[in-house]
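The shown structure was predicted, so the numbers you read here are calculated from the model rather than taken from an experiment. For reference, positions follow the sequence shown, starting with 1.
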Amino acid sequence: MISVAITGGEVVEDEQEEFETNIEPSDSDILLDDNGFPSFQLDPEPHVYQNNNASSSIRNQQESESESKSDSFASDFYRSGTDWSCLLLQHHDDDDDDDDDDGDADTITGDSNQINGHHGKTQSERKMKQANLFQMWGLKKPHLSQPPLKKMKIGKEGTHFTKKTNVSANPNSRPRLCPFYKKIPGTPFTVDAFRYGHIEGCSAYFLTHFHSDHYGGLSKGWSHGPIYCTPITARLLAMCLSVNPLFICPLELNTENIIKGVRVVLLEANHCPGAALIHFRLPNGQCYLHTGDFRACKLMQTYPLLLNERVNVLFLDTTYCNPKYKFPSKEDVLSYVVRTTQNCLKRQPKTLVVVGAYSIGKESVYLAISKALGVKIYANASRRRVLHSFGWPELSGILCSHGKDTLLHVLPISSLRFETLKDYLKTYKDQYAAVLAFRPTGWTYSETIGNQLDLIKPSSKGNVTIFGVPYSEHSSFTELREFVQLLRPDKIIPTVNVGNATNRDKMHSCFREWLKG
(Lines give C-alpha, C1' and ligand atoms only; values in the text may rest on other atoms or scores of the structure.)
Protein backbone atom coordinates (compact mmCIF):
# COMPACT_ATOMS: atom_id res chain seq x y z
CA MET A 1 0.00 0.00 0.00
CA ILE A 2 1.30 3.50 -0.77
CA SER A 3 0.79 6.53 1.43
CA VAL A 4 0.88 9.79 -0.49
CA ALA A 5 1.96 13.16 0.79
CA ILE A 6 2.23 16.27 -1.37
CA THR A 7 5.17 18.31 -0.16
CA GLY A 8 6.61 21.33 -1.85
CA GLY A 9 4.82 20.53 -5.09
CA GLU A 10 6.13 16.97 -5.24
CA VAL A 11 4.18 13.83 -4.56
CA VAL A 12 6.18 11.76 -2.11
CA GLU A 13 5.36 8.16 -1.37
CA ASP A 14 6.01 5.68 1.38
CA GLU A 15 5.82 1.93 1.08
CA GLN A 16 3.17 0.52 3.39
CA GLU A 17 2.39 -2.98 4.52
CA GLU A 18 -0.80 -2.53 6.44
CA PHE A 19 -4.17 -0.93 5.96
CA GLU A 20 -6.39 -0.58 8.98
CA THR A 21 -9.86 0.88 9.29
CA ASN A 22 -11.99 2.10 12.12
CA ILE A 23 -14.19 -0.56 13.62
CA GLU A 24 -17.87 -0.40 14.36
CA PRO A 25 -19.20 -2.50 17.25
CA SER A 26 -19.61 -6.04 16.00
CA ASP A 27 -22.16 -8.71 16.60
CA SER A 28 -19.43 -11.14 17.54
CA ASP A 29 -19.65 -12.96 20.85
CA ILE A 30 -16.19 -11.64 21.73
CA LEU A 31 -14.85 -8.10 21.47
CA LEU A 32 -12.22 -7.73 18.76
CA ASP A 33 -9.32 -5.36 18.53
CA ASP A 34 -8.57 -3.46 15.32
CA ASN A 35 -6.79 -6.40 13.76
CA GLY A 36 -9.44 -9.01 14.40
CA PHE A 37 -7.89 -10.57 17.49
CA PRO A 38 -9.88 -11.20 20.69
CA SER A 39 -9.21 -8.18 22.89
CA PHE A 40 -10.67 -9.62 26.12
CA GLN A 41 -10.76 -6.06 27.44
CA LEU A 42 -13.50 -3.78 28.65
CA ASP A 43 -14.14 -0.44 27.02
CA PRO A 44 -13.10 2.63 28.99
CA GLU A 45 -16.76 3.71 28.72
CA PRO A 46 -19.56 1.14 28.93
CA HIS A 47 -21.11 0.80 25.47
CA VAL A 48 -24.16 -1.24 24.56
CA TYR A 49 -23.43 -3.90 21.94
CA GLN A 50 -26.40 -5.47 20.20
CA ASN A 51 -25.70 -9.06 21.07
CA ASN A 52 -28.52 -11.10 22.55
CA ASN A 53 -26.28 -13.70 24.12
CA ALA A 54 -23.25 -11.94 25.53
CA SER A 55 -23.64 -8.17 25.81
CA SER A 56 -24.68 -8.08 29.44
CA SER A 57 -21.95 -10.46 30.55
CA ILE A 58 -19.30 -8.49 28.70
CA ARG A 59 -20.42 -5.27 30.34
CA ASN A 60 -20.30 -6.88 33.76
CA GLN A 61 -16.80 -8.33 33.51
CA GLN A 62 -14.32 -7.05 36.06
CA GLU A 63 -11.10 -5.39 34.84
CA SER A 64 -8.94 -7.92 36.65
CA GLU A 65 -10.66 -10.81 34.89
CA SER A 66 -10.22 -9.01 31.57
CA GLU A 67 -6.50 -8.52 32.07
CA SER A 68 -6.09 -12.14 33.16
CA LYS A 69 -7.75 -13.41 29.99
CA SER A 70 -5.70 -11.08 27.82
CA ASP A 71 -2.47 -12.24 29.41
CA SER A 72 -3.56 -15.87 29.06
CA PHE A 73 -4.35 -15.50 25.37
CA ALA A 74 -1.07 -13.74 24.57
CA SER A 75 0.89 -16.28 26.61
CA ASP A 76 -0.82 -19.19 24.87
CA PHE A 77 -0.11 -17.61 21.49
CA TYR A 78 3.61 -17.29 22.10
CA ARG A 79 3.75 -20.88 23.38
CA SER A 80 1.85 -22.32 20.44
CA GLY A 81 4.74 -22.57 17.96
CA THR A 82 3.72 -22.34 14.31
CA ASP A 83 0.32 -24.02 14.75
CA TRP A 84 -2.31 -21.57 15.95
CA SER A 85 -5.26 -23.94 15.62
CA CYS A 86 -5.16 -24.81 19.32
CA LEU A 87 -6.02 -21.21 20.14
CA LEU A 88 -9.29 -21.46 18.23
CA LEU A 89 -10.32 -24.52 20.18
CA GLN A 90 -9.26 -23.09 23.50
CA HIS A 91 -10.79 -19.65 23.26
CA HIS A 92 -13.69 -20.02 20.83
CA ASP A 93 -15.46 -23.24 21.67
CA ASP A 94 -18.81 -21.50 21.28
CA ASP A 95 -18.18 -20.67 17.62
CA ASP A 96 -19.02 -24.10 16.25
CA ASP A 97 -21.19 -22.61 13.55
CA ASP A 98 -18.18 -20.87 11.99
CA ASP A 99 -16.57 -23.68 10.07
CA ASP A 100 -14.90 -21.46 7.50
CA ASP A 101 -12.32 -19.22 9.16
CA ASP A 102 -11.90 -17.36 5.90
CA GLY A 103 -15.27 -15.72 6.44
CA ASP A 104 -17.55 -15.00 3.51
CA ALA A 105 -16.13 -16.31 0.28
CA ASP A 106 -16.97 -13.11 -1.54
CA THR A 107 -14.60 -11.12 0.70
CA ILE A 108 -11.51 -12.98 -0.46
CA THR A 109 -9.40 -11.08 -2.95
CA GLY A 110 -6.81 -12.32 -5.38
CA ASP A 111 -5.81 -15.82 -6.37
CA SER A 112 -6.26 -18.24 -3.49
CA ASN A 113 -3.41 -20.32 -4.87
CA GLN A 114 -0.78 -17.74 -4.07
CA ILE A 115 0.13 -15.35 -1.31
CA ASN A 116 -0.91 -11.93 -2.44
CA GLY A 117 1.27 -8.83 -2.09
CA HIS A 118 -0.01 -5.71 -0.45
CA HIS A 119 1.45 -2.99 -2.65
CA GLY A 120 -0.35 -1.71 -5.68
CA LYS A 121 -3.81 -2.76 -4.48
CA THR A 122 -6.84 -0.59 -4.99
CA GLN A 123 -8.43 0.84 -1.87
CA SER A 124 -11.44 -1.45 -2.19
CA GLU A 125 -9.17 -4.50 -2.45
CA ARG A 126 -7.29 -3.48 0.67
CA LYS A 127 -10.53 -2.95 2.52
CA MET A 128 -11.79 -6.39 1.50
CA LYS A 129 -8.51 -7.91 2.57
CA GLN A 130 -8.80 -6.25 5.96
CA ALA A 131 -12.29 -7.72 6.34
CA ASN A 132 -10.74 -11.17 6.14
CA LEU A 133 -8.44 -10.34 9.02
CA PHE A 134 -11.47 -10.16 11.31
CA GLN A 135 -12.08 -13.82 10.58
CA MET A 136 -8.58 -14.70 11.68
CA TRP A 137 -9.73 -16.67 14.67
CA GLY A 138 -12.95 -17.99 13.17
CA LEU A 139 -15.18 -15.23 14.59
CA LYS A 140 -18.17 -13.55 13.00
CA LYS A 141 -17.43 -10.70 10.64
CA PRO A 142 -17.81 -7.26 12.26
CA HIS A 143 -18.97 -4.18 10.42
CA LEU A 144 -16.25 -2.01 8.91
CA SER A 145 -16.34 1.65 8.11
CA GLN A 146 -13.85 3.46 5.90
CA PRO A 147 -13.41 7.09 6.91
CA PRO A 148 -12.96 9.64 4.13
CA LEU A 149 -9.73 11.53 3.53
CA LYS A 150 -9.23 15.03 4.79
CA LYS A 151 -6.62 17.53 3.73
CA MET A 152 -4.30 18.85 6.43
CA LYS A 153 -1.93 21.75 5.98
CA ILE A 154 1.72 21.18 6.81
CA GLY A 155 3.50 24.51 7.11
CA LYS A 156 3.73 26.62 3.97
CA GLU A 157 5.13 24.06 1.59
CA GLY A 158 2.40 21.53 1.04
CA THR A 159 -0.41 19.35 2.22
CA HIS A 160 -0.78 15.88 3.63
CA PHE A 161 -3.73 13.57 3.19
CA THR A 162 -4.80 11.44 6.13
CA LYS A 163 -7.78 9.34 7.10
CA LYS A 164 -10.52 11.48 8.61
CA THR A 165 -11.97 10.23 11.85
CA ASN A 166 -14.83 11.63 13.86
CA VAL A 167 -15.07 9.79 17.13
CA SER A 168 -17.62 12.14 18.63
CA ALA A 169 -20.02 11.52 15.76
CA ASN A 170 -20.45 7.92 16.90
CA PRO A 171 -20.90 7.59 20.66
CA ASN A 172 -20.62 3.79 20.37
CA SER A 173 -17.20 3.84 18.67
CA ARG A 174 -14.40 2.20 20.64
CA PRO A 175 -10.82 3.43 21.05
CA ARG A 176 -8.42 1.49 18.86
CA LEU A 177 -6.75 -1.26 20.85
CA CYS A 178 -3.15 -2.17 20.18
CA PRO A 179 -2.95 -5.81 18.99
CA PHE A 180 -0.89 -7.96 21.31
CA TYR A 181 1.55 -8.98 18.59
CA LYS A 182 2.82 -5.38 18.42
CA LYS A 183 3.83 -5.73 22.05
CA ILE A 184 7.08 -7.38 23.10
CA PRO A 185 6.16 -10.08 25.66
CA GLY A 186 7.41 -9.53 29.19
CA THR A 187 8.31 -5.89 28.56
CA PRO A 188 6.57 -2.50 28.58
CA PHE A 189 7.59 -2.09 24.89
CA THR A 190 5.67 -1.81 21.64
CA VAL A 191 7.06 -1.72 18.09
CA ASP A 192 5.61 0.44 15.29
CA ALA A 193 2.35 0.91 17.21
CA PHE A 194 1.93 4.68 17.25
CA ARG A 195 -1.49 4.79 15.62
CA TYR A 196 -3.04 3.46 18.83
CA GLY A 197 -2.13 6.55 20.85
CA HIS A 198 -1.46 5.90 24.51
CA ILE A 199 -1.11 2.15 25.12
CA GLU A 200 -1.79 1.01 28.64
CA GLY A 201 1.29 -0.56 30.20
CA CYS A 202 3.63 0.75 27.49
CA SER A 203 6.43 3.02 28.66
CA ALA A 204 8.74 2.77 25.60
CA TYR A 205 7.71 2.99 21.94
CA PHE A 206 10.09 1.65 19.28
CA LEU A 207 10.13 2.72 15.62
CA THR A 208 11.91 0.49 13.11
CA HIS A 209 12.12 3.01 10.25
CA PHE A 210 10.64 6.13 8.69
CA HIS A 211 7.93 4.75 6.41
CA SER A 212 4.44 5.97 7.17
CA ASP A 213 2.85 2.57 7.76
CA HIS A 214 5.28 2.24 10.67
CA TYR A 215 5.34 5.80 12.06
CA GLY A 216 1.62 6.44 11.44
CA GLY A 217 0.14 8.21 14.46
CA LEU A 218 3.19 10.32 15.23
CA SER A 219 2.91 14.10 15.06
CA LYS A 220 4.09 17.19 16.88
CA GLY A 221 1.41 16.46 19.49
CA TRP A 222 2.91 13.12 20.50
CA SER A 223 3.30 12.93 24.29
CA HIS A 224 2.60 9.29 25.19
CA GLY A 225 6.18 8.22 25.84
CA PRO A 226 9.75 8.05 24.57
CA ILE A 227 10.35 6.97 20.96
CA TYR A 228 13.44 4.81 20.39
CA CYS A 229 14.89 4.65 16.88
CA THR A 230 18.11 5.15 14.91
CA PRO A 231 19.70 8.63 14.61
CA ILE A 232 18.62 9.02 10.96
CA THR A 233 15.02 8.18 11.82
CA ALA A 234 15.23 10.52 14.81
CA ARG A 235 16.24 13.44 12.60
CA LEU A 236 13.42 12.69 10.15
CA LEU A 237 10.86 12.59 12.97
CA ALA A 238 11.84 16.06 14.11
CA MET A 239 12.28 17.52 10.63
CA CYS A 240 9.30 16.04 8.78
CA LEU A 241 6.74 15.42 11.53
CA SER A 242 7.79 18.08 14.06
CA VAL A 243 7.79 15.52 16.86
CA ASN A 244 8.90 17.08 20.13
CA PRO A 245 12.64 16.30 20.48
CA LEU A 246 12.12 15.62 24.18
CA PHE A 247 10.36 12.39 23.22
CA ILE A 248 12.90 11.25 20.59
CA CYS A 249 15.60 8.89 21.87
CA PRO A 250 18.13 7.96 19.16
CA LEU A 251 20.05 4.72 19.61
CA GLU A 252 23.23 3.98 17.66
CA LEU A 253 23.46 0.76 15.67
CA ASN A 254 25.38 -2.19 17.18
CA THR A 255 25.36 -0.62 20.65
CA GLU A 256 23.95 -2.24 23.78
CA ASN A 257 21.33 -0.19 25.60
CA ILE A 258 19.60 -1.09 28.85
CA ILE A 259 16.00 0.14 28.74
CA LYS A 260 13.65 -0.78 31.58
CA GLY A 261 15.99 -3.61 32.51
CA VAL A 262 15.97 -5.06 28.97
CA ARG A 263 19.05 -5.12 26.76
CA VAL A 264 18.20 -3.59 23.39
CA VAL A 265 20.44 -3.59 20.32
CA LEU A 266 19.62 -2.07 16.92
CA LEU A 267 21.10 -3.73 13.82
CA GLU A 268 21.28 -2.58 10.20
CA ALA A 269 18.14 -3.80 8.36
CA ASN A 270 19.27 -3.27 4.74
CA HIS A 271 15.95 -1.61 3.92
CA CYS A 272 15.88 2.20 3.76
CA PRO A 273 18.19 4.71 5.46
CA GLY A 274 17.77 4.48 9.22
CA ALA A 275 15.92 1.14 9.17
CA ALA A 276 16.82 -1.26 11.97
CA LEU A 277 16.28 -4.77 13.21
CA ILE A 278 15.56 -4.59 16.95
CA HIS A 279 16.98 -7.29 19.24
CA PHE A 280 15.56 -7.56 22.76
CA ARG A 281 17.11 -9.69 25.50
CA LEU A 282 15.06 -9.95 28.69
CA PRO A 283 16.54 -10.51 32.16
CA ASN A 284 15.28 -14.12 32.04
CA GLY A 285 17.36 -14.78 28.91
CA GLN A 286 14.47 -14.77 26.42
CA CYS A 287 15.37 -13.08 23.11
CA TYR A 288 13.04 -11.47 20.61
CA LEU A 289 13.99 -10.11 17.19
CA HIS A 290 11.72 -7.69 15.34
CA THR A 291 12.79 -7.20 11.73
CA GLY A 292 10.52 -4.28 10.89
CA ASP A 293 11.03 -4.15 7.12
CA PHE A 294 14.30 -5.65 5.97
CA ARG A 295 16.18 -7.36 3.18
CA ALA A 296 18.09 -10.32 4.52
CA CYS A 297 21.62 -10.55 3.16
CA LYS A 298 24.88 -12.45 3.65
CA LEU A 299 26.23 -9.72 5.91
CA MET A 300 23.54 -10.48 8.48
CA GLN A 301 24.94 -13.99 8.75
CA THR A 302 28.01 -12.40 10.34
CA TYR A 303 26.17 -10.37 12.99
CA PRO A 304 27.66 -11.67 16.27
CA LEU A 305 24.43 -11.09 18.16
CA LEU A 306 22.45 -13.29 15.75
CA LEU A 307 25.13 -15.97 15.70
CA ASN A 308 25.68 -16.19 19.46
CA GLU A 309 22.21 -15.72 20.97
CA ARG A 310 19.23 -17.89 20.11
CA VAL A 311 16.11 -15.98 19.04
CA ASN A 312 13.04 -17.33 20.78
CA VAL A 313 10.44 -15.31 18.87
CA LEU A 314 11.02 -13.78 15.42
CA PHE A 315 8.67 -11.03 14.19
CA LEU A 316 9.26 -11.44 10.46
CA ASP A 317 8.69 -9.15 7.46
CA THR A 318 6.82 -11.54 5.14
CA THR A 319 6.11 -9.11 2.30
CA TYR A 320 7.44 -11.57 -0.30
CA CYS A 321 6.95 -14.87 1.54
CA ASN A 322 5.89 -16.64 -1.63
CA PRO A 323 8.05 -19.18 -3.52
CA LYS A 324 7.60 -17.29 -6.79
CA TYR A 325 9.66 -14.34 -5.53
CA LYS A 326 13.32 -15.18 -6.05
CA PHE A 327 14.86 -11.81 -6.68
CA PRO A 328 18.22 -11.21 -8.29
CA SER A 329 20.69 -9.56 -5.94
CA LYS A 330 20.68 -5.80 -5.48
CA GLU A 331 24.12 -5.66 -7.04
CA ASP A 332 22.98 -7.48 -10.19
CA VAL A 333 20.01 -5.15 -10.61
CA LEU A 334 22.18 -2.05 -10.15
CA SER A 335 24.63 -3.34 -12.76
CA TYR A 336 21.74 -3.88 -15.16
CA VAL A 337 20.38 -0.37 -14.56
CA VAL A 338 23.79 1.19 -15.21
CA ARG A 339 24.36 -0.92 -18.33
CA THR A 340 20.92 -0.07 -19.71
CA THR A 341 21.48 3.64 -19.09
CA GLN A 342 24.85 3.65 -20.82
CA ASN A 343 23.49 1.81 -23.86
CA CYS A 344 20.56 4.19 -24.14
CA LEU A 345 22.80 7.25 -23.99
CA LYS A 346 24.96 5.83 -26.75
CA ARG A 347 21.89 5.61 -29.00
CA GLN A 348 20.43 8.98 -27.92
CA PRO A 349 22.85 11.27 -26.04
CA LYS A 350 20.05 13.78 -25.40
CA THR A 351 18.22 11.50 -22.97
CA LEU A 352 16.90 12.59 -19.59
CA VAL A 353 17.31 9.75 -17.05
CA VAL A 354 14.67 9.51 -14.32
CA VAL A 355 14.64 7.22 -11.28
CA GLY A 356 11.40 6.74 -9.36
CA ALA A 357 11.73 6.62 -5.56
CA TYR A 358 9.74 6.78 -2.34
CA SER A 359 10.28 9.56 0.21
CA ILE A 360 13.23 7.53 1.46
CA GLY A 361 14.57 4.36 -0.10
CA LYS A 362 15.97 3.41 -3.55
CA GLU A 363 18.93 5.78 -3.09
CA SER A 364 21.37 3.11 -4.27
CA VAL A 365 19.77 3.10 -7.73
CA TYR A 366 20.43 6.73 -8.58
CA LEU A 367 23.74 6.69 -6.73
CA ALA A 368 24.93 3.84 -8.97
CA ILE A 369 23.98 5.75 -12.12
CA SER A 370 25.58 8.93 -10.83
CA LYS A 371 28.84 7.17 -10.05
CA ALA A 372 28.98 5.33 -13.37
CA LEU A 373 28.25 8.41 -15.48
CA GLY A 374 30.05 10.95 -13.31
CA VAL A 375 26.98 13.19 -13.10
CA LYS A 376 25.14 14.94 -10.30
CA ILE A 377 21.64 14.13 -9.06
CA TYR A 378 18.72 16.53 -9.23
CA ALA A 379 15.89 16.31 -6.70
CA ASN A 380 13.46 18.98 -5.60
CA ALA A 381 13.94 20.99 -2.40
CA SER A 382 11.92 18.78 -0.08
CA ARG A 383 13.68 15.59 -1.20
CA ARG A 384 17.11 17.25 -1.00
CA ARG A 385 16.34 18.28 2.57
CA VAL A 386 15.57 14.67 3.46
CA LEU A 387 18.65 13.33 1.67
CA HIS A 388 20.95 15.84 3.36
CA SER A 389 19.58 14.73 6.74
CA PHE A 390 21.14 11.28 6.27
CA GLY A 391 24.56 12.79 6.88
CA TRP A 392 26.09 10.94 3.92
CA PRO A 393 28.82 13.16 2.40
CA GLU A 394 29.05 10.97 -0.70
CA LEU A 395 25.37 11.73 -1.41
CA SER A 396 25.12 15.33 -0.24
CA GLY A 397 28.11 16.29 -2.37
CA ILE A 398 26.48 15.27 -5.65
CA LEU A 399 23.01 16.76 -5.21
CA CYS A 400 22.12 19.80 -7.26
CA SER A 401 19.26 22.27 -7.04
CA HIS A 402 18.70 22.97 -10.76
CA GLY A 403 17.32 20.32 -13.08
CA LYS A 404 19.15 21.77 -16.08
CA ASP A 405 22.51 21.04 -14.45
CA THR A 406 22.33 17.27 -14.83
CA LEU A 407 20.66 14.53 -16.90
CA LEU A 408 19.85 12.43 -13.80
CA HIS A 409 16.62 13.31 -11.98
CA VAL A 410 14.79 11.69 -9.06
CA LEU A 411 10.98 11.80 -9.07
CA PRO A 412 8.24 10.19 -7.00
CA ILE A 413 7.63 6.66 -8.19
CA SER A 414 3.99 7.58 -8.80
CA SER A 415 5.15 10.07 -11.45
CA LEU A 416 6.44 7.30 -13.70
CA ARG A 417 3.54 7.49 -16.14
CA PHE A 418 3.84 8.29 -19.82
CA GLU A 419 1.79 11.47 -19.80
CA THR A 420 3.45 12.76 -16.63
CA LEU A 421 6.94 12.13 -17.96
CA LYS A 422 6.06 13.62 -21.33
CA ASP A 423 4.94 16.81 -19.61
CA TYR A 424 8.06 16.77 -17.44
CA LEU A 425 10.26 16.51 -20.54
CA LYS A 426 8.69 19.69 -21.94
CA THR A 427 10.38 21.64 -19.14
CA TYR A 428 13.76 20.58 -20.57
CA LYS A 429 12.85 20.42 -24.27
CA ASP A 430 15.87 22.57 -25.21
CA GLN A 431 18.25 20.02 -23.66
CA TYR A 432 16.66 16.60 -24.00
CA ALA A 433 14.73 14.71 -26.66
CA ALA A 434 13.75 11.56 -24.77
CA VAL A 435 13.17 10.14 -21.30
CA LEU A 436 14.56 6.90 -19.88
CA ALA A 437 12.88 6.04 -16.56
CA PHE A 438 13.40 3.25 -14.02
CA ARG A 439 10.74 1.95 -11.65
CA PRO A 440 12.70 -0.04 -9.02
CA THR A 441 10.44 -2.32 -7.02
CA GLY A 442 10.14 -6.02 -6.26
CA TRP A 443 6.60 -6.03 -7.64
CA THR A 444 8.03 -5.81 -11.17
CA TYR A 445 9.68 -9.23 -10.70
CA SER A 446 8.71 -11.90 -13.22
CA GLU A 447 9.23 -15.63 -12.73
CA THR A 448 9.71 -15.98 -16.48
CA ILE A 449 12.64 -13.58 -16.49
CA GLY A 450 14.04 -14.52 -13.09
CA ASN A 451 17.69 -13.52 -12.93
CA GLN A 452 17.98 -13.00 -16.69
CA LEU A 453 17.60 -9.25 -16.44
CA ASP A 454 18.54 -8.61 -20.06
CA LEU A 455 15.20 -10.19 -20.99
CA ILE A 456 13.27 -7.33 -19.36
CA LYS A 457 11.04 -5.60 -21.89
CA PRO A 458 10.48 -1.89 -21.25
CA SER A 459 7.24 -0.04 -21.87
CA SER A 460 7.61 2.65 -24.52
CA LYS A 461 5.34 5.35 -25.84
CA GLY A 462 6.76 7.91 -28.19
CA ASN A 463 9.97 9.29 -26.74
CA VAL A 464 9.35 7.95 -23.22
CA THR A 465 10.69 4.56 -22.13
CA ILE A 466 10.02 3.03 -18.70
CA PHE A 467 11.87 0.02 -17.29
CA GLY A 468 10.43 -1.88 -14.34
CA VAL A 469 13.38 -3.43 -12.53
CA PRO A 470 13.15 -5.93 -9.62
CA TYR A 471 15.13 -3.88 -7.14
CA SER A 472 13.57 -4.68 -3.78
CA GLU A 473 14.34 -3.50 -0.27
CA HIS A 474 12.36 -6.41 1.19
CA SER A 475 13.62 -9.99 1.47
CA SER A 476 12.84 -12.47 -1.28
CA PHE A 477 11.44 -15.90 -0.46
CA THR A 478 14.84 -17.56 -0.68
CA GLU A 479 16.45 -14.87 1.47
CA LEU A 480 13.73 -15.30 4.11
CA ARG A 481 14.37 -19.04 4.15
CA GLU A 482 18.11 -18.60 4.63
CA PHE A 483 17.54 -16.05 7.39
CA VAL A 484 15.10 -18.26 9.28
CA GLN A 485 17.37 -21.28 8.94
CA LEU A 486 20.24 -19.21 10.31
CA LEU A 487 18.27 -18.16 13.40
CA ARG A 488 16.10 -21.28 13.90
CA PRO A 489 13.69 -19.42 16.21
CA ASP A 490 11.20 -21.21 18.46
CA LYS A 491 8.35 -19.20 16.97
CA ILE A 492 7.83 -17.02 13.89
CA ILE A 493 5.19 -14.29 13.77
CA PRO A 494 4.56 -12.99 10.23
CA THR A 495 3.86 -9.27 10.11
CA VAL A 496 2.67 -8.88 6.50
CA ASN A 497 -0.01 -10.56 4.35
CA VAL A 498 -1.82 -12.20 7.26
CA GLY A 499 -5.22 -11.06 6.02
CA ASN A 500 -6.75 -14.46 5.30
CA ALA A 501 -6.36 -18.07 6.30
CA THR A 502 -4.95 -19.18 2.94
CA ASN A 503 -2.02 -16.81 3.23
CA ARG A 504 -1.36 -17.65 6.85
CA ASP A 505 -1.51 -21.40 6.28
CA LYS A 506 0.91 -21.20 3.36
CA MET A 507 3.37 -19.08 5.27
CA HIS A 508 3.29 -21.31 8.34
CA SER A 509 3.70 -24.36 6.12
CA CYS A 510 6.85 -22.72 4.76
CA PHE A 511 8.10 -21.98 8.26
CA ARG A 512 7.64 -25.59 9.36
CA GLU A 513 9.46 -26.84 6.26
CA TRP A 514 12.36 -24.44 6.79
CA LEU A 515 12.79 -25.51 10.41
CA LYS A 516 12.71 -29.27 9.85
CA GLY A 517 15.64 -31.29 11.11
Side-chain angles (χ1 to χ4, degrees), residues 1-5 7 12-23 33-37 39 41 44 118 126 130 133 144-155 159-168 173-184 188-230 233-250 272 274-276 278 290 292-293 315 317 358-360 495-496:
M1 181 173 118
I2 303 295
S3 169
V4 182
T7 309
V12 181
E13 300 173 308
D14 286 341
E15 278 190 301
Q16 290 190 316
E17 275 69 48
E18 298 178 81
F19 181 82
E20 301 189 22
T21 59
N22 284 349
I23 300 171
D33 64 30
D34 285 327
N35 290 279
F37 290 90
S39 67
Q41 296 185 30
H118 58 284
R126 293 195 296 263
Q130 178 68 11
L133 190 53
L144 297 176
S145 63
Q146 172 59 37
L149 294 177
K150 68 176 180 179
K151 187 184 291 185
M152 296 172 57
K153 292 290 182 181
I154 296 184
T159 58
H160 183 69
F161 290 88
T162 62
K163 286 183 287 188
K164 182 178 180 180
T165 59
N166 187 356
V167 177
S168 60
S173 64
R174 295 187 288 116
R176 306 187 73 185
L177 301 175
C178 177
F180 72 85
Y181 55 83
K182 287 185 176 289
K183 301 176 182 179
I184 301 301
F189 302 159
T190 58
V191 178
D192 297 341
F194 302 95
R195 67 186 65 191
Y196 305 97
H198 171 71
I199 299 172
E200 185 175 357
C202 179
S203 58
Y205 297 77
F206 287 82
L207 176 60
T208 58
H209 64 289
F210 195 76
H211 276 162
S212 62
D213 55 322
H214 296 259
Y215 68 67
L218 284 173
S219 68
K220 67 179 181 180
W222 176 267
S223 61
H224 302 305
I227 305 163
Y228 293 94
C229 57
T230 62
T233 301
R235 291 193 290 271
L236 291 169
L237 288 176
M239 183 178 73
C240 300
L241 301 181
S242 301
V243 174
N244 187 334
L246 294 176
F247 290 99
I248 302 175
C249 305
C272 67
I278 307 179
H290 200 298
D293 289 347
F315 297 81
D317 169 16
Y358 302 115
S359 57
I360 63 171
T495 61
V496 184

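Contact detail for Ile199 and Thr190: the closest heavy-atom pair is CD1-CG2, 3.9 Å. Between Cys229 and Leu237, the closest heavy-atom pair is SG-CD1, 4.0 Å. Contact detail for Phe210 and Cys240: the closest heavy-atom pair is CZ-CB, 3.7 Å. Residues Ser223 and Phe247 approach most closely at CA-CZ, 3.5 Å, considering heavy atoms. Between Ala234 and Pro250, the closest heavy-atom pair is CB-CB, 3.9 Å. Contact record, Ala276 with Thr230: CB-CG2, 3.7 Å, taken as the closest heavy-atom pair.
Ile278 places none of its side-chain heavy atoms less than 4.5 Å from the side chain of Phe315. The closest side-chain heavy-atom distance from Cys202 to Lys183 is not below 4.5 Å.
Ring geometry, His198 versus His224: the interplanar angle falls from 30° to 60°, so the pair is classed tilted. Relative orientation of the His214 and His209 rings is tilted, given thresholds of 30° and 60° on the angle between their planes.
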Assess whether side-chain contact (heavy atoms from CB on, under 4.5 Å) is satisfied between Tyr196 and Lys182, documenting all intermediate values. CA-CA 11 Å; Tyr196 305 97; Lys182 287 185 176 289; 3.7 Å; yes
Kindly indicate, with the supporting measurements, whether the criterion side-chain contact (heavy atoms from CB on, under 4.5 Å) is fulfilled by Tyr215 and Ile227. CA-CA 10 Å; Tyr215 68 67; Ile227 305 163; over 6 Å; no
Test side-chain contact (heavy atoms from CB on, under 4.5 Å) on Thr208 and Asp293 and set out the steps. CA-CA 8 Å; Thr208 58; Asp293 289 347; over 6 Å; no
Checking Phe189 against Tyr228 for the side-chain contact (heavy atoms from CB on, under 4.5 Å) test, could you report, in this order, the C-alpha distance in whole Å, the side-chain angles of both residues, the deciding distance, and whether it holds? CA-CA 10 Å; Phe189 302 159; Tyr228 293 94; over 6 Å; no
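The structure places OG of Ser242 at 15.5 Å from CH2 of Trp222, a figure rounded to the nearest 0.5 Å. Distance check, rounded to the nearest 0.5 Å: CG of Leu207 to CD1 of Ile248 gives 10.0 Å.
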